[in-house]
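So the structure is just underneath, and the comments pick up after that.
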Amino acid sequence: MSSTVEITVLYFAALREQAGKEQETLAVAAGSTPAALYEQLARQYNFSLPQERIRAAVNHAFADWTQPLAERDIVAFIPPVAGG
């Protein structure tokens with residue numbers, strides 16, 4: 001069994017601006033969660049939004065922050081959308 005899985009991360013709105021990209025492919029530890037991934041990326045890209053303000057989605061469906069990630073998952077972090 002592999003100790004890492006390859007996932008795709010999608011960035012939207014402010015997170016896309018802070019990361020400087022729309023998406024990237026990453027190798028993460030097998031069994032990693034969206035919460036752990038966001039914490040790692042927040043440090044890497046200096047995200048200004050705390051996890052409590054973000055929704056996580058895995059494979060195009062809102063997901064629990066503790067859901068284990070699997071090979072080829074698509075993870076999106078969706079910040080709040082400003083309304084008018």
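Keep in mind that what you see is a predicted model, and the values were worked out from it rather than measured.
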Less than 4.5 Å apart, any side-chain heavy atom of F12 and any of R55?
no
Determine whether I74 and H60 make a side-chain contact, defined as any pair of heavy atoms from C-beta on separated by less than 4.5 Å.
yes
Nearest heavy-atom approach of Q18 to S48 is NE2-OG, 2.7 Å
CZ-OH distance between R16 and Y45, expressed to the nearest 0.5 angstrom:
14.0 Å
Contact check, side chains of L37 and I7, non-hydrogen atoms, under 4.5 Å:
yes
Is E39 atom CD crowded by more than 12 heavy atoms from other residues, nucleotides or ligands, each under 6.0 Å away?
no
Could you check if a side-chain atom of F77 sits within less than 4.5 angstrom of a side-chain atom of L49, using non-hydrogen atoms only?
no
Under a single-linkage definition using a 4.5 Å side-chain heavy-atom cutoff for Ile, Leu, Val, Met, Phe, Trp and Tyr, are V75 and V5 assigned to the same hydrophobic cluster?
yes
Report yes or no: do W65 and V58 belong to one cluster of Ile/Leu/Val/Met/Phe/Trp/Tyr joined by side chain heavy-atom distances under 4.5 Å?
yes
Between T33 and T66 the two heavy atoms that sit nearest each other are CG2-O, 3.5 Å
Give, for atom CG of L69 and atom OG1 of T4, the distance between the pair rounded to the nearest 0.5 Å.
12.5 Å
Path from V28 to Y38 over hydrophobic side-chain contacts below 4.5 Å
yes
Would F62 end up clustered with L10 when hydrophobic side chains under 4.5 Å apart are linked, directly or stepwise?
yes
If every non-hydrogen atom of P79 is compared with every non-hydrogen atom of A14, which pair is closest and at what distance?
CG-N, 4.3 Å
Y11 and L41, any side-chain heavy atoms less than 4.5 Å apart:
yes
Would you say the side-chain atoms of T25 and E6 include a donor-acceptor pair closer than 3.5 Å?
no
If you count the non-hydrogen atoms of other residues, nucleotides and ligands that lie under 6.0 Å from CD in Q67, is the total more than 12?
yes
Quick check on the hydrophobic clustering: are I78 and L26 connected, directly or via other members, by side-chain heavy-atom contacts under 4.5 Å?
no
